[in-house]
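Only one structure is covered here, and it is reproduced in the block below.
In listed order, ligands and their atoms are each counted from 1.
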Amino acid sequence: MSQADLLIARVNLPDGRTGVDVAVREGRIVEVGVGLPRTAAEVVEGAGLLLSPPFVDAHFHMDSTLSYGLPRINQSGTLLEGIALWGELKPLLTPEALIERALRYCDWAVARGLLAIRTHVDVCDPRLLAVDALLEVKRRVAPWIDLQLVAFPQDGVLRSPGALANLQRALDKGVDVVGGIPHFERTMADGAESVRMLCEIAAERGLRVDMHCDESDDPLSRHVETLAAQTVRLGLQGRVAGSHLTSMHSMDNYYVSKLLPLMAEAQLHVVANPLINITLQGRHDTYPKRRGMTRVPEQMAQGINVAFGHDCVMDPWYSLGSACMLEVAAMGLHVAQMTSQAAMRQCFEAVTSNAARVMGLQGYGLEPGCNADFVLLQASDPVEAIRLRATRLGVWRRGVRIASSPAAQATLLKPTGPAVVNWRL
Ligand code: FE2
């Protein structure tokens, strides 16, 4: 075999392998094994640190990101005030400002090793200003980030006049995925009709589907059932995602026992958004307050692919966030009480390999033949990475280092002499 360009030596992998070398040539991983020859042009000493494929965010809103406070702050903290606030902001948007905010967020993402993002883009504004802006952002960040766009009719494809035509125009322009929001339509029947219509559009165009679905505390919001049934009817298995699905938290257990197998049969992907839904849901409750995240462990146990998304960063719905998918994984872990060793590792997969499956990414992973895209973390395994929100010491894309951060540590200035603390055992 000819000489490698890059060797990342003696790293641990998320699947539990330890002390492994990863060799890269011409942007691809060519060999993974123990004790590979150190003849590469560049050798990076991994020293028992975790090398992970990049973080993947399967659910984001890049058209609203970093707009917090524009034109005002969400006072109630509810989803519905967030949607109303976004409606106030939309007429004020300019392509220049939107692109600048999105690119700033993409820089944060690269620094955090977040190299694939599926973003919804609101198509209810007939100018399609955000669509054009994010298509431009997608083009500009392509060397570093796989950005996938979802045509999202935020105000309801049936409820909002002209939304269907706008959605079709957005798809004509090159938006990748068909979105929807059935629980925001005027009636349950309209919601179901929107799901049928949008899935048919996806089937006709050969596209994937990702719907905001049942983002509600209403246990009778059952559009996920329709989404799964339409997926099967149209032969879209494995190509459809249900995002949020928070009503499942409140549903009757017997009904869920029938629903989960249908979702599995449809090979429906699920994207839970723990940071957002732990803050937005349960707002009408006094005490006890429902957590409002979908039933993640039960879905995983059923063989359903579940990812965790960031959803929002500093916008009308969420005032925090920093493109850190480990923070997302940590919140998902806590809200779902996924505390066993195996479950904590599943939470790491929810922001890496599971999310890559939602997006249908090609060449993702740490096997020979995969793209040489990876992150070296200041942690030895996925659980420690989540616990520490581990520093991304290095980020590589196609074998080229595109970001680095200094190791996180503090120096204690004790009378007995300086001591270094880095919170690792
Ligand atoms: Fe969302």
Handout entry: Ring-face cation contact, Tyr255 with Arg222, 6.0 Å cut, 45° max
Key = yes
Completion exercise
Within a distance under 2.8 Å of the Fe ion (ligand 1), the protein atoms of type N, O or S are His59 NE2, His61 NE2, His212 NE2, Asp311 OD1
Practice task
Sorted by first residue and then second, give each salt bridge (Lys or Arg N to Asp or Glu O under 4.0 Å) pair with at least one member in residues 141-153; sequence neighbours left out.
Solution key: Asp146-Arg397
Problem - salt bridge (Lys or Arg N to Asp or Glu O under 4.0 Å) pairs, two or more places apart, involving residues 336-361 - result: none
Exercise for the section: Report yes or no: do Thr294 and Gln299 form a side-chain donor-acceptor pair below 3.5 Å? Expected result: yes
Problem - Pairwise ring pair (Phe, Tyr, Trp, His ring centres under 6.0 Å) hits with a residue in residues 278-303, at least two apart - result: none
Practice task
Give a yes/no verdict on a cation-pi contact between Arg118 and Phe60, requiring under 6.0 Å between NZ or CZ and the six-membered ring centre and an angle within 45° of the axis.
Solution key: no
